Amino acid sequence: MTQTQPQITQVKIATFNVSMEATNYLKNNKAVYSAKTLTNALNSGEFEQINNIAEIIQRVRPDILLLNEFDYVANPQAGIELFKTKYLGISQQGQAPIEYPYVYIAPVNTGVKTGLKGEGVRLSHYGFGRYPGQYGMVLLSKYPIDTDNIRTFQKFLWKDMPNNLMPVEKDGSAWYSDREINIMRLSSKSHWDIPIQVCGQNLHVLASHPTPPVFDGEEDRNGRRNHDEIRFWADYINADVNSYHVDDSGVKGGYKAKAPFVIMGDQNASPYEGDGVPGAIAQLLEHPKVTKSALPGSAGGKQNKPNNQYAGNHTAAWGMQADYVLPSADVSVTNSGVFWPTVDSAEARLVKDRFASSDHRLVWVDVELGVNCR
């Protein structure tokens, strides 16, 4: 059956940290940490959280959707395809099913062991995770994905970023050992440049999920890594063919396409709050090639932290703006929002807590690309 593309010029783009990893699906208080846990949960139909995630997506109805913290399952039929057919493809609480014929998944660094052993080793995994693929990413699209021209930067080394913020000791010496520095990857999950063909024009999704800038010590290794993971895109879109970027296929250079882009994902950084390195997310928000349109907001977020002047733009339950959909400056933004119902609404059940759906909220932006799909 041939899929019909939407007959519109407006495209709804969204990011959603869905918190669909093993720690949400424990049975009988027994921890079974592996990517199979998500497969079992999807097959069981026992977790209302998954149904609620699907309902939120059906309510917002993005055309392009990045899922953060959807465990990487190498066999799509045991992972994302299960979610599509058993949840998104079935009406949730009266909402119309939604189809995404195009999908991109790829390995991530979380839970992948470095192989380094011995006393003093600080780099046991390339990215924090109890098992390979925890906190993975998936891109869903109603429009075709140009798979031949995808660039991934999973294995890009942190040391190869000029003027990087790799942690140091108090005396200025390197915090990581030489053997750790020589294999330390920048991306805690991965960085993806994914071209999507929207009615004859490419739109590049630049997707990532930088590490939280916490859970470390005085060396601030996670805060520094978060800053540089964000900086990676800021440098990338400068379109310098001689830039330091080298993708997993060995191709050098930054963003070369003469096409609009959107930087999206859970960036774990706020311009005003949190424990990140100051100015981390400003590298994108203030970049001349990124749109300066108003940031998405919600009444529910404002209600969640009524005494916080920034709460209207929060995207996480604990009270911070962490998730972003940032189109390029050459794209017209017509609307945006954060799915965060107020406590007196019928949909409040969907965001009651992390076990209702996620500790993050879906963030969406409507853009016009200047193309005609008719």
Side-chain angles (χ1 to χ4, degrees), residues 15-19 21 66-72 106-112 123 125-129 133-139 151-161 163-167 184-194 205-216 219-237 244-245 247-248 261-287 290 295 314-316 318 320-326 358-361 363:
T15 187
F16 194 5
N17 180 327
V18 291
S19 194
E21 43 86 24
L66 176 68
L67 303 179
N68 287 132
E69 294 196 11
F70 188 103
D71 278 356
Y72 173 70
V108 291
N109 287 324
T110 40
V112 178
L123 189 65
H125 296 76
Y126 290 112
F128 174 78
Q134 189 175 17
Y135 313 114
M137 305 191 297
V138 179
L139 186 72
R151 300 184 73 189
T152 67
F153 298 87
Q154 179 195 5
K155 299 178 181 179
F156 177 82
L157 298 181
W158 195 355
K159 71 180 181 67
D160 290 338
M161 171 182 276
N163 302 313
N164 62 70
L165 296 186
M166 294 188 80
M184 177 67 173
R185 298 174 182 177
L186 171 65
S187 185
S188 55
K189 286 83 177 177
S190 192
H191 283 66
W192 297 343
D193 176 350
I194 305 173
V205 169
L206 308 183
S208 59
H209 182 189
T211 193
V214 289
F215 311 122
D216 51 20
E219 83 291 339
D220 194 24
R221 66 185 184 278
N222 290 333
R224 289 166 172 264
R225 190 178 190 182
N226 172 274
H227 175 279
D228 282 357
E229 286 193 74
I230 294 171
R231 181 191 152 194
F232 182 89
W233 286 138
D235 293 345
Y236 186 72
I237 58 177
Y244 60 82
H245 302 81
D247 64 32
D248 294 331
F261 61 80
V262 56
I263 303 171
M264 57 199 296
D266 176 1
Q267 301 297 317
N268 274 311
S270 165
Y272 312 112
E273 303 166 281
D275 298 310
V277 173
I281 195 63
Q283 298 174 105
L284 299 180
L285 296 180
E286 298 175 8
H287 198 290
V290 173
L295 292 169
H314 284 174
T315 67
W318 65 87
M320 197 178 86
Q321 184 180 350
D323 308 85
Y324 297 85
V325 179
L326 300 173
S358 174
D359 53 350
H360 289 250
R361 306 291 177 252
V363 180

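Note that the structure is predicted; figures quoted are calculated from it, not measured. Side-chain atoms are counted along with the backbone in the values below, which use heavy atoms only and exclude waters and symmetry mates. All residue numbers in this chain count up from 1 along the given sequence.
Atom CZ of Phe128 and atom CZ of Arg225 lie 12.0 Å apart (nearest 0.5 Å). The distance from atom CG of Asp71 to atom OG of Ser19, rounded to the nearest 0.5 Å, is 9.5 Å. Distance check, rounded to the nearest 0.5 Å: CG of Asn17 to CG of Leu67 gives 9.5 Å. Rounded to the nearest 0.5 Å, atoms NE2 (His287) and CZ (Arg231) are 11.5 Å apart. One distance of note links CD of Gln154 with CG of Asn109; it measures 4.5 Å at 0.5 Å rounding. Taking CD of Glu21 as the start and OG1 of Thr110 as the end, the distance is 10.0 Å to the nearest 0.5 Å.
Not counting sequence neighbours, Asp216 has no partner by the side chain to side chain donor-acceptor pair (under 3.5 Å) test. Legend: residues meeting salt bridge (Lys or Arg N to Asp or Glu O under 4.0 Å) with Asp220, ordered by chain and number and at least two apart, are absent. Applying the ring pair (Phe, Tyr, Trp, His ring centres under 6.0 Å) criterion to Phe70, with sequence neighbours excluded, gives Phe83. Tyr244 pairs by the side chain to side chain donor-acceptor pair (under 3.5 Å) definition with Asp235, not counting sequence neighbours. Glu286 pairs by the side chain to side chain contact (heavy atoms under 4.5 Å, CB included) definition with Ala282, not counting sequence neighbours. With sequence neighbours excluded, no residue forms a ring pair (Phe, Tyr, Trp, His ring centres under 6.0 Å) with His227.
Nearest heavy-atom pair across Ser270 and Met320 is CB-CG, 3.5 Å. Nearest heavy-atom pair across Ala234 and Gln283 is CB-O, 3.6 Å. Taking each heavy atom of Gln267 and Ser208 in turn, the nearest pair found is NE2-OG, 3.5 Å. Residues Asn226 and Pro210 share a closest heavy-atom pair of ND2-CB, 3.6 Å. The minimum heavy-atom distance linking Pro212 with Asn222 is given by the pair O-CB, 3.2 Å. Minimum heavy-atom separation, Gly223 to Val277: O-CG2, 3.4 Å.
In summary, the side chains of Glu229 and Ser188 do present a donor paired with an acceptor at a separation below 3.5 Å, with no hydrogens or angles considered. A donor-acceptor pair shorter than 3.5 Å can be found between the side chains of Thr152 and Asp248. A donor atom on one side chain and an acceptor atom on the other are not found under 3.5 Å apart for His360 and Glu69.
Side chains of Lys159 and Met184 form no contact here, defined as non-hydrogen atoms less than 4.5 Å apart. Between Leu285 and Leu295, the closest side-chain pair of non-hydrogen atoms falls below 4.5 Å. Proximity of Tyr135 to Val108: side-chain heavy atoms (C-beta onward) are nowhere separated by under 4.5 Å. Inter-residue side-chain proximity for Ile237 and Val290 is flagged as met; some heavy-atom pair is nearer than 4.5 Å. Put simply, the side chain of Val205 reaches to within 4.5 Å of the side chain of Leu139, judged on heavy atoms. Counting only heavy atoms from C-beta outward, the side chains of Leu326 and Trp233 never approach each other to under 4.5 Å. With a 4.5 Å cut-off on side-chain heavy atoms, Val262 and Val325 count as touching.
A distance-only check finds no donor-acceptor pair linking the side chain of Thr15 to the backbone of Val363 [under 3.5 Å]. A distance-only check finds no donor-acceptor pair linking the side chain of Arg151 to the backbone of Asp193 [under 3.5 Å]. In this structure, the side chain of Asp275 does not engage the main chain of Pro213 through any donor-acceptor pair within 3.5 Å.
With Asp323 as the fixed residue, the side-chain hydrogen bond (donor to acceptor under 3.5 Å, both in side chains) test singles out one of Thr315, Asn268, Asn68: Thr315. Residue His191 is tested with Phe153, Phe156, Phe232 for a ring-ring contact (aromatic ring centres under 6.0 Å, His included); the sole match is Phe232.
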As a quick check of understanding, evaluate side-chain contact (heavy atoms from CB on, under 4.5 Å) for Ser187 and Lys155, giving each step before the final call.
CA-CA 8 Å; Ser187 185; Lys155 299 178 181 179; over 6 Å; no
Evaluate the criterion side-chain contact (heavy atoms from CB on, under 4.5 Å) for residue pair Asp228 and Met166; output intermediate values, then yes/no.
CA-CA 9 Å; Asp228 282 357; Met166 294 188 80; 5.6 Å; no
